[in-house]
Amino acid sequence: MRILLTGICGFVGSVVARTLREQLAGSEVVGLDNLVRPGSEINRRRLREAGFRLIHGDIRLPSDLEGLPRCDWIIDAAANPSVLAGVDGKTGARQLVEHNLVGTLNLLELARRWNAGFILLGTSRVYSIAALCTIPLVSLPDRFAPDPAATLPGLSAAGVTESFSTTPPLSLYGSAKLASEVMALEYGAAFGFPVFINRCGVMAGAEQFGKADQGIVSFWIRSYAARRPLRYIGFDGRGRQVRDCLHPADVAPLLVSQMRAGQTADLPRIVNVGGGLASSFSLAELSAWCADRFGRHSIDTDLTPRPFDVGWLVLDATLAQTAYGWQPVRTRDAIFTEIADHAVRHPEWLPLSED
Ligand SMILES: NC(=O)c1ccc[n+]([C@@H]2O[C@H](COP(=O)([O-])OP(=O)(O)OC[C@H]3O[C@@H](n4cnc5c(N)ncnc54)[C@H](O)[C@@H]3O)[C@@H](O)[C@H]2O)c1
């Protein structure tokens with residue numbers, strides 16, 4: 001089996017490439033990347049050394065895709081992954097749509113031509129900001145938590161499920177990804193190839209190119225270790241907003257199950273993929289963890305609300321567990337420790353990741 005993995009030189013792509021190779025004996029992973037993300041050239045060198053076939057190309061350009069070898073599966077992990085993309089003054093809205101939607105469309109055309117399966121690395125940011133903001137929260141000393149009495153469509157005791165509202169506004173990033181989901185499912189149905197959408201929550205691990213707007217866990221731990229300025233932004237300025245986290249190596253077994261399942265009927269095509277409540281953390285809790293590891297560092301407060309921010313977003317991944325027997329293995333503390341160890345060994349990593 002040959003797999004085209006776009007965005008292979010990114011954080012998720014590079015980890016998934018290595019893990020797939022271990023878990024899918026006899027498969028070949030061909031990688032495509034345009035190296036737009038600062039730091040991705042480091043992964044290109046390492047992946048080359050590990051024997052991966054890499055092609056420098058851009059998913060926005062159909063001509064860059066013409067000469068690719070035919071593959072049985074396309075895994076789309078190439079994107080601008082920042083929720084602030086298109087409104088951050090650094091990237092244009094149109095550019096974001098070209099990377100995250102037009103690029104996907106070009107890959108769907110390729111899947112149609114090759115009769116290949118297609119897997120989208122989607123995002124939890126497809127869930128409605130307005131609806132997420134209506135989750136009633138209680139304030140615990142170091143984190144927000146949903147009011148246990150809260151009942152909201154699509155919200156379970158384990159978190160946000162796949163049936164939660166996806167009504168915009170979601171962020172330009174979330175909407176481009178949601179539109180990609182719709183088009184992927186439509187192409188799969190129209191042209192008869194398997195499609196899977198994995199709505200991933202926050203992903204984290206040692207070699208993430210962390211920035212304030214993307215790769216927050218890596219950015220926070222590295223900045224804390226280096227005594228760089230950090231701020232709790234928005235809400236009550238105490239860093240009580242909550243996310244869950246997941247290591248991308250834990251995504252790979254799900255991708256393997258989906259590729260094995262192919263067109264098997266009755267399997268959900270859209271699943272949440274997140275670490276869930278067990279891996280959830282607030283920034284205040286992450287700071288406490290960092291203080292234990294590196295000694296105390298003071299955090300500033302900025303009460304200006306941040307666009308598209310929500311107080312609590314934890315994914316209920318029960319559907320992926322029941323349908324595919326999938327379960328994350330790496331715990332939250334194992335992920336934090338992996339990043340902290342890497343930060344100590346590689347203090348140069350944070351500046352390398354900056355624009
Ligand atoms: N990291 C997360 O927390 C997270 C969470 C949910 C979903 N995702 C999704 O996972 C995927 C991978 O994210 P990541 O964290 O590895 O991001 P990343 O920025 O580390 O990697 C993305 C890679 O894609 C490449 N790329 C970007 N635009 C491209 C284009 N037009 N053509 C070819 N290559 C291009 C970049 O150079 C980079 O190497 C994305 O689709 C993202 O939306 C990530």
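Counting convention: from 1, in listed order, for ligands and their atoms alike.
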Ignoring hydrogens, what is the shortest heavy-atom contact between R199 and Y127? Give both atom names and the distance.
NH1-OH, 3.0 Å
Measuring from atom 9 (C) of ligand 1, which candidate in L121, I75, T6, V251 has the nearest non-hydrogen atom?
L121
Looking at ligand 1, is there an atom of it that comes within less than 4.0 Å of some heavy atom belonging to Q208?
yes
Does only the side chain of E98 get under 4.0 Å from ligand 1, or the backbone, or both, or neither? Count heavy atoms.
neither
Nearest-neighbour protein heavy atom for atom 30 (C) of ligand 1, which is reported as residue plus atom name and distance:
N34 ND2, 3.3 Å
Applying salt bridge (charged side-chain N to carboxylate O under 4.0 Å, His left out) as the test, list every pair that has at least one member in residues 91-100; sequence neighbours left out.
R94-E98
Protein contact of atom 14 (P) of ligand 1 - nearest heavy atom, named by residue and atom, plus distance
V12 CG2, 3.8 Å
Starting from atom 12 (C) of ligand 1, find the nearest protein heavy-atom neighbour and note its residue, name and distance.
A77 O, 3.3 Å
Identify the protein heavy atom lying closest to atom 6 (C) of ligand 1, giving its residue, its atom name and the separation to 0.1 Å.
C200 O, 3.3 Å
With a 4.0 Å cut-off, would you call R112 and E109 a salt bridge?
yes
If you measure from each non-hydrogen atom of K177 to ligand 1, which part falls under 4.0 Å: side chain, backbone, both or neither?
side chain
When distances are taken from atom 36 (C) of ligand 1, the protein heavy atom at minimum range is D33 OD1, 3.4 Å
Sub-4.0 Å heavy-atom contact, Q214 with ligand 1:
yes
Can you name the atoms of ligand 1, numbered from 1 with element, that are less than 4.0 Å from a heavy atom of G57?
32 (N), 33 (C)
Could you check atom 19 (O) of ligand 1 against the protein and tell me its nearest heavy-atom contact, residue, atom and distance included?
R37 NH1, 2.9 Å
Minimum distance, heavy atoms only, to atom 17 (O) of ligand 1: which one of S124, P81, G10 is it?
P81
Is E207 salt-bridged to R46, going by a charged N under 4.0 Å from an acidic O?
yes
For ligand 1, is any non-hydrogen atom under 4.0 Å from S40's backbone (N, CA, C, O), its side chain (CB onward), both, or neither?
side chain
Protein contact to atom 42 (C) of ligand 1 [nearest heavy atom, distance to 0.1 Å]
Y173 OH, 3.6 Å
Nearest neighbour of atom 7 (C) of ligand 1 from the list G210, G122, S353, G201, on a heavy-atom basis:
G122
Considering only NZ, NE, NH1 and NH2 on the basic side and carboxylate oxygens on the acidic side, decide whether R143 and E285 come within less than 4.0 Å.
yes
Check each heavy atom of L35 against ligand 1 and say whether those closer than 4.0 Å belong to the side chain, the backbone, both or neither.
backbone
